[in-house]
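Written out below as structure tokens is the structure these notes cover.
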Amino acid sequence: LQKLIHLLQATDDPLIQEQALITLSNSAAFSVNQDIIRNLGGLSVIGGMLSDCIPRVKEKALNALNNLSMNIKNQEEIQVYITQVCRTVESAPLNSDLQLAGLRLLTNMSVTSDYHHKMLSSIPFFLRLLSGGTERTQIQVLKVLVNLSANPAMAKHLLRAQV
């Protein structure tokens, strides 16, 4: 895992970056590896890949963060990327794998109400996705919205959102 994290830092080759991110993502399916990746500084390295201009690299980084977000301590570090993930979801091509990867991460990050406030400005966009997205996109957006609606403090924001 340490070598994969170092490889991500050392290379600009998108194919190598993709493969390293896929391997880290698969490794994160095991809870013991989630802690190891965090302790090795991997969350910030993977989070840094969200700034990459290549959509496939960004998508793989989102998938890795999604798997890593199943851990409360990891969520505490990943939450700094929520605003950036929301912007990515909004700017990604409609129904793209990139958009879906961002929505999946936001679903996990919205399971608890700790970070709902970071998604406020994206609520109108989420609601627009319900009418413009494919069934897969709609289901993923609904998961985020259901999580947000479980928080009483979010009710007024959800009901007042301009679509």
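Quick caveat: nothing in here was measured; it's all calculated off a predicted structure.
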Could you please spell out the steps behind the side-chain contact (heavy atoms from CB on, under 4.5 Å) verdict for Met119 and Cys86?
CA-CA 7 Å; Met119 299 177 205; Cys86 287; 4.1 Å; yes
Quick one, Met154 with Leu120, criterion side-chain contact (heavy atoms from CB on, under 4.5 Å). Give me CA distance, side-chain angles, the key distance, then yes/no.
CA-CA 8 Å; Met154 295 298 290; Leu120 276 177; 3.4 Å; yes
Working note: Asn63 + Arg104, criterion side-chain contact (heavy atoms from CB on, under 4.5 Å); need CA distance, chi angles, decisive distance, verdict.
CA-CA 8 Å; Asn63 289 336; Arg104 281 191 296 273; 3.3 Å; yes
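Between the NE2 atom of His116 and the OG atom of Ser149 there is a distance of 8.5 Å, given to the nearest 0.5 Å. With values rounded to the nearest 0.5 angstrom, Leu68 atom CG is found 5.0 Å from Ile37 atom CD1. Here the CG-NZ distance, from Leu106 to Lys118, works out to 12.0 Å after rounding to the nearest 0.5 Å. Atom OG in Ser122 sits 9.5 Å away from atom CZ in Arg128 (nearest 0.5 Å). In this structure, the separation between CG on Asn74 and CZ on Arg38 is 5.0 Å, given to the nearest 0.5 Å. Summarising the geometry, atom CG belonging to Leu50 is positioned 5.0 Å from atom CG belonging to Leu62; distances are rounded to the nearest 0.5 Å.
Inter-residue side-chain proximity for Leu24 and Asn67 is flagged as unmet; no heavy-atom pair is nearer than 4.5 Å. Looking only at side-chain heavy atoms (C-beta outward), Leu1 and Thr23 stay at 4.5 Å or farther from each other. Two residues are said to be in side-chain contact when any heavy atoms from C-beta on lie closer than 4.5 Å; Glu90 and Arg87 fail this criterion. Using a 4.5 Å heavy-atom threshold, the side chains of Tyr81 and Leu105 count as separate. By the 4.5 Å heavy-atom criterion applied to side chains, Asn66 and Ser69 are counted as neighbours. Proximity of Leu103 to Leu129: side-chain heavy atoms (C-beta onward) are separated by under 4.5 Å at one or more points. The shortest side-chain heavy-atom distance between Lys58 and Thr88 falls under the 4.5 Å cut-off. For the pair Leu15/Gln19, no side-chain contact is recorded, criterion being any heavy-atom separation below 4.5 Å from C-beta on.
The two residues Arg136 and Asp97 come nearest to each other via the heavy atoms NH2-OD1, 3.9 Å. Here the shortest heavy-atom pairing between Pro93 and Ser96 reads O-OG, 2.8 Å. Of all the heavy atoms in Val89 and Gln99, the pair that sits closest is O-NE2, 3.0 Å. Nearest heavy-atom pair across Asn151 and Ser113 is ND2-CB, 3.4 Å. Annotation for Asn95 and Thr134: closest pair OD1-N, 2.8 Å, computed over non-hydrogen atoms. Nearest heavy atom pair, residue Met49 against residue Ala61, reads CB-CB, 3.7 Å.
Between the side chains of Ser51 and Gln84, at least one donor N or O lies within less than 3.5 Å of an accepting N or O. Checking Asn33 against Ser27 by side-chain atom types alone, no donor-acceptor pair falls below 3.5 Å.
Both Tyr115 and Ile123 sit in one connected hydrophobic cluster of ILVMFWY residues. Membership requires side-chain heavy atoms under 4.5 Å apart, directly or through other members. Under the 4.5 Å side-chain heavy-atom criterion for Ile, Leu, Val, Met, Phe, Trp and Tyr, Val80 and Leu65 are members of the same hydrophobic cluster. No chain of hydrophobic side-chain contacts below 4.5 Å, direct or via other Ile, Leu, Val, Met, Phe, Trp or Tyr residues, connects Leu8 to Ile22. Clustering ILVMFWY residues whenever any of their side-chain heavy atoms sit less than 4.5 angstrom apart, transitively, puts Ile139 in a cluster other than the one holding Leu98. Connection of Met70 to Leu21 is not established within any shared hydrophobic cluster, with ILVMFWY side chains joined at heavy-atom distances below 4.5 Å, either directly or through further cluster members.
Under the 3.5 Å distance criterion, the side-chain polar atoms of Gln17 are matched with a main-chain donor or acceptor of Thr11.
Under the side chain to side chain contact (heavy atoms under 4.5 Å, CB included) criterion, Ile72 pairs with Gln75, Glu76, not counting sequence neighbours.
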